[in-house]
Protein chains: 2
Amino acid sequence: MARLSSDERRAALLQAALRVIDRDGVHGATTRAIVAEAGMSLASFHYAFRSRDEMIRELIAFVVENEQQVSLAAVQADADIRTVVRSGLQAFFELLVSNPTREQALFELMHYSLRTPELGELPRAQYASYFRAARVLLESGAAAAGVTWSLPIEELARILIAFTDGLTLAWLADRDDAAAAVVMDFAADTISALAVPVRAKEHQR
Amino acid sequence: MARLSSDERRAALLQAALRVIDRDGVHGATTRAIVAEAGMSLASFHYAFRSRDEMIRELIAFVVENEQQVSLAAVQADADIRTVVRSGLQAFFELLVSNPTREQALFELMHYSLRTPELGELPRAQYASYFRAARVLLESGAAAAGVTWSLPIEELARILIAFTDGLTLAWLADRDDAAAAVVMDFAADTISALAVPVRAKEHQR
DNA sequence: AAGCGACTGGGACGATTGACCCAGTCCGAA
DNA sequence: TTCGGACTGGGTCAATCGTCCCAGTCGCTT
């Protein structure tokens with residue numbers, strides 16, 4: 001064991017790979033580009049990972065776990081449910097605008113996984129993670145606003161993610177902020193319309 | 001100009017390239033794979049196209065023009081607007097299920113374009129084409145059902161495309177048909193809720 | 001029938017890639 | 001201080017890529 005960090009070096013390489021993919025896409029994430037970004041030598045790469053594929057596999061798993069979608073889940077107190085949903089979407093959108101290449105990178109990683117036989121199951125986990133984040137927003141928002149959902153929470157979470165994916169892709173294509181806002185308004189309106197007030201007694205406990 | 005088809009050979013190569021991308025992704029669409037699929041020799045490729053990039057550029061333009069999204073626009077007569085929207089979504093979904101790799105290919109081509117400086121504007125045209133198809137469905141459906149939209153048609157088209165993109169990505173990830181149906185139901189409900197009946201006089205003329 | 005030019009086959013080139021290898025270096029344990 | 005093993009630098013390899021080239025071939029025109 002000894003020297004610093006068998007795991008630290010792997011983590012450093014993963015971070016570097018993510019930066020390279022942000023900058024140049026999955027296509028540009030060659031072993032040489034990654035070690036250059038990490039300030040290491042090529043030998044270190046194959047000392048840490050058996051192959052590039054293994055690294056990509058771990059990278060996707062890492063991204064899925066550390067769902068940075070958390071920005072979606074900033075629920076302020078005593079807001080009505082429509083505001084909660086709209087704010088969550090706005091937070092996500094601002095993340096997208098401030099770092100569009102990151103969302104592109106996530107999509108590219110997904111499509112790369114779908115094309116790679118032994119990675120084909122990863123997108124399922126990726127979306128399960130997204131749904132979980134959406135569910136957190138919807139549940140905590142509903143609790144804060146004193147409402148409950150008239151549809152199963154899993155279905156609502158999927159609908160919310162469909163909205164974020166759809167508005168992200170269209171925005172990446174034409175960068176129309178105003179149009180994205182319209183979609184977010186529509187999403188907040190229609191989703192919050194499925195909220196029903198909790199009877200005071202239930203709300204209280 | 002003589003021999004058969006300066007344009008025909010280009011078209012044949014484009015079709016072959018599309019089949020290769022369907023099968024192996026953009027990454028696998030090498031010049032050699034494409035000419036093999038087309039049953040041609042490598043020299044013919046560079047006789048027809050100056051470079052692979054030029055071919056990809058024309059391929060995307062071709063795909064955007066021949067929007068196969070038309071399947072979305074099968075409007076049956078005397079159906080209420082909710083049914084029209086739901087049927088359009090269902091037609092799209094069945095296209096997706098019967099040919100998932102085609103939708104994957106379109107996404108990959110979009111992301112490839114976004115990463116390629118001189119192709120960066122193509123996704124805008126791609127989505128303009130999608131919006132146009134959605135608009136056709138919404139307008140003809142509204143005319144057939146005798147309703148009009150309470151939101152600008154451009155905004156509604158974008159919302160509809162957000163739904164199709166969102167449900168497509170999630171379905172590609174987990175292949176959950178039932179969940180996709182829920183999203184489509186929600187989309188049809190919420191979009192058709194924005195339809196208002198036309199006064200008989202207007203409807204008649 | 002001849003010839004011109006559009007077209008093709010097959011090979012080659014340089015660049016890039018993932019992977020490997022080996023001689024060293026550096027650190028901590030003894 | 002010595003020594004062993006974890007780690008690295010730099011070079012190399014085969015495979016694959018886009019691109020190019022040139023000697024042919026084939027079909028139309030004349």
Side-chain angles (χ1 to χ4, degrees), chain A residues 1-21 23-60 105 108-109 111-113 115-119, chain B residues 1-21 23-60 105 108-109 111-113 115-119:
Chain A
M1 321 66 209
R3 216 61 141 299
L4 284 200
S5 62
S6 157
D7 284 343
E8 278 183 9
R9 234 172 325 103
R10 289 171 79 94
L13 280 170
L14 288 183
Q15 294 289 351
L18 212 47
R19 286 196 300 273
V20 173
I21 293 180
R23 176 165 24 93
D24 304 324
V26 172
H27 173 75
T30 67
T31 54
R32 283 169 177 81
I34 294 168
V35 296
E37 175 73 27
M40 299 174 33
S41 128
L42 197 49
S44 303
F45 185 95
H46 282 93
Y47 190 84
F49 296 101
R50 206 189 320 272
S51 68
R52 179 177 176 274
D53 267 2
E54 180 185 306
M55 194 273 290
I56 295 281
R57 190 163 22 225
E58 288 208 17
L59 177 61
I60 299 178
E108 290 179 23
L109 282 173
H111 289 297
Y112 178 87
S113 301
R115 291 290 186 189
T116 309
E118 71 265 26
L119 269 50
Chain B
M1 316 72 209
R3 215 60 143 298
L4 285 200
S5 63
S6 157
D7 285 343
E8 278 183 10
R9 231 171 327 104
R10 289 170 81 94
L13 281 170
L14 289 183
Q15 294 288 350
L18 212 45
R19 286 195 300 273
V20 172
I21 294 180
R23 177 166 22 94
D24 305 322
V26 172
H27 174 74
T30 67
T31 55
R32 284 170 177 78
I34 293 168
V35 296
E37 175 72 27
M40 298 173 33
S41 130
L42 197 49
S44 303
F45 184 96
H46 281 93
Y47 191 82
F49 296 101
R50 207 188 320 270
S51 70
R52 179 178 176 274
D53 266 2
E54 180 186 305
M55 194 273 289
I56 295 280
R57 191 163 21 225
E58 287 207 16
L59 178 62
I60 299 178
E108 290 180 22
L109 282 172
H111 289 297
Y112 177 86
S113 299
R115 290 290 186 190
T116 310
E118 70 266 25
L119 269 51

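Below, chain A is the first sequence line, B the second, and so on; all start at residue 1. No hydrogens, no waters, no symmetry mates; every other heavy atom, side chains included, goes into these values.
The nearest whole Å value for the distance from the CG atom in B:Asp24 to the P atom in D:dC17 is 11 Å. Look at OH on A:Tyr47: it is 15 Å from P on C:dC21, rounded to the nearest Å. Rounded to a whole Å, the CG atom of B:Leu13 is 13 Å from the P atom of D:dG18. Computed from coordinates, the A:Arg9 CZ to D:dG9 P distance equals 11 Å when rounded to whole Å. Summarising the geometry, the separation between CZ on B:Phe49 and C1' on C:dT8 is reported as 17 Å, rounded to the nearest angstrom. What separates CG of A:Asp53 from P of C:dT17 is a distance of 16 Å, to the nearest Å. In this structure, B:His27 atom NE2 and D:dA15 atom C1' are separated by 13 Å, rounded to whole Å. A:Arg52 places its CZ atom 15 Å from the C1' atom of D:dA15, with the value rounded to the nearest Å.
The stretch residues 32-45 of chain A touches DNA chain C through A:Arg32, A:Leu42, A:Ala43, each having a heavy atom under 4.0 angstrom from the strand.
Remark: side-chain polar atoms of A:Glu108 are paired, donor with acceptor, to backbone N or O of A:Val26 under 3.5 angstrom. Judged purely by atom type and a 3.5 angstrom limit, A:Arg23 has no side-chain atom pairing as donor or acceptor with the backbone of A:Gly28.
For B:His46 and D:dC20, the shortest distance from a side-chain N or O to OP1 or OP2 is not below 4.0 Å.
The side chain of B:Thr31 has D:dT19 as its nearest neighbour among C:dG18, D:dT19, C:dA6.
The two residues A:Arg9 and A:Ser44 have their closest heavy-atom pair at NH1-O, 4.5 Å.
At most 12 non-hydrogen atoms from other residues, nucleotides or ligands lie less than 6.0 angstrom from NE2 of B:His27.
Going from atom CZ of B:Phe45 over to atom CE of B:Met40 covers 9.0 Å, rounded to the nearest 0.5 Å.
Residues A:Met55 and A:Ile34 are in side-chain contact: their nearest non-hydrogen atoms beyond the backbone lie under 4.5 Å apart.
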